[in-house]
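Numbers here simply count residues along the sequence, with the first being 1. Here the structure is a predicted model, which is why all the values come from computation and not from measurement.
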Amino acid sequence: MRNITALALSILLPIAAGATDLADKGAITPTLYSVRFKQTETDLLAAQAAKDVAAMERILSPLFEVRTQTGDIVTKADWLKRAPVDGVKPTHMVVYEVGPNAIAQFQLVKPGESGGVSVVDVWAQDSGGWRLRVRFESPIH
């Protein structure tokens, strides 16, 4: 049994180490949720960059809003009008299952630049799949 465990570890550890870019070095191996929501967040960024309101509407909850560190609330209608920020990527993502919801914490940064935005997104499932219900944003200094 010990030899099988050692063999499995010798095969899996290099694979897990190579997969850390998916988990952004926040975990040894990416979870199903971290992979799913990193892709969904990337899809949302792409839809925002393309100004594809229909694609954003499929991802956002009808009740979507953004809350900032200063207490400001950005409505869905205002967020849909926001100018996209070119080149940002979600990094350092961690996703927690909380009952029927998922909470994703990550950073939106431009590769090679300092700063960015720390984000906490609350995702809820409905008949259309996972929808982004609320986003909390805070600048990274």
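Between the CD atom in Glu97 and the CG atom in Leu32 there is a gap of 8.5 Å [rounded to 0.5 Å]. Here Gln105 contributes atom CD and Asp121 contributes atom CG; the two are 10.0 Å apart, rounded to the nearest 0.5 Å. Atoms CD1 and OG1, on Ile73 and Thr68 in that order, are 8.5 Å from each other to the nearest 0.5 Å. Atoms OG and CD, from Ser138 and Gln107 in turn, are 10.5 Å apart once rounded to the nearest 0.5 Å. Here the CG-CE distance, from Asp43 to Met56, works out to 12.5 Å after rounding to the nearest 0.5 Å. Distance check: Arg133 CZ to Ile103 CD1 gives 13.0 Å after rounding to the nearest 0.5 Å.
Cluster annotation: Val95 and Val109 are assigned to distinct hydrophobic clusters (Ile/Leu/Val/Met/Phe/Trp/Tyr, side-chain heavy-atom contacts under 4.5 Å, transitive). Linking ILVMFWY residues whenever their side-chain heavy atoms come closer than 4.5 Å, directly or via other members, places Val53 and Val66 in the same cluster. In the hydrophobic clustering of ILVMFWY residues, with side-chain heavy atoms under 4.5 Å counting as a link, Leu63 and Val122 come out apart. At a threshold of 4.5 Å between side-chain heavy atoms, the hydrophobic network of Ile, Leu, Val, Met, Phe, Trp and Tyr places Leu45 and Trp130 in one connected group. Taking hydrophobic clusters as Ile, Leu, Val, Met, Phe, Trp and Tyr residues chained together by side-chain heavy-atom distances below 4.5 Å, Ile140 does not share a cluster with Val119.
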Can Val88 and Gln48 be said to form a side-chain contact (heavy atoms from CB on, under 4.5 Å), step by step?
-> CA-CA 11 Å; Val88 295; Gln48 190 179 21; over 6 Å; no

Go through the steps for Arg135 and Phe64 under the test side-chain contact (heavy atoms from CB on, under 4.5 Å), then give the verdict.
-> CA-CA 8 Å; Arg135 171 172 282 186; Phe64 173 76; 4.1 Å; yes

Test side-chain contact (heavy atoms from CB on, under 4.5 Å) applied to Lys38 and Phe106, step by step | CA-CA 9 Å; Lys38 185 164 186 176; Phe106 58 97; over 6 Å; no

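Between Phe37 and Trp123, the ring-plane angle classifies as tilted under the 30° and 60° cut-offs.
Annotation: Lys89, atom NZ; neighbour count of heavy atoms from other residues, nucleotides and ligands within 6.0 Å does not exceed 12.
Using a 4.5 Å cut-off on side-chain heavy atoms (C-beta onward), Arg82 and Val74 make contact. Counting only heavy atoms from C-beta outward, the side chains of Leu108 and Pro90 approach each other to under 4.5 Å. At a threshold of 4.5 Å between non-hydrogen side-chain atoms, the residues Lys76 and Ser61 do not count as touching.
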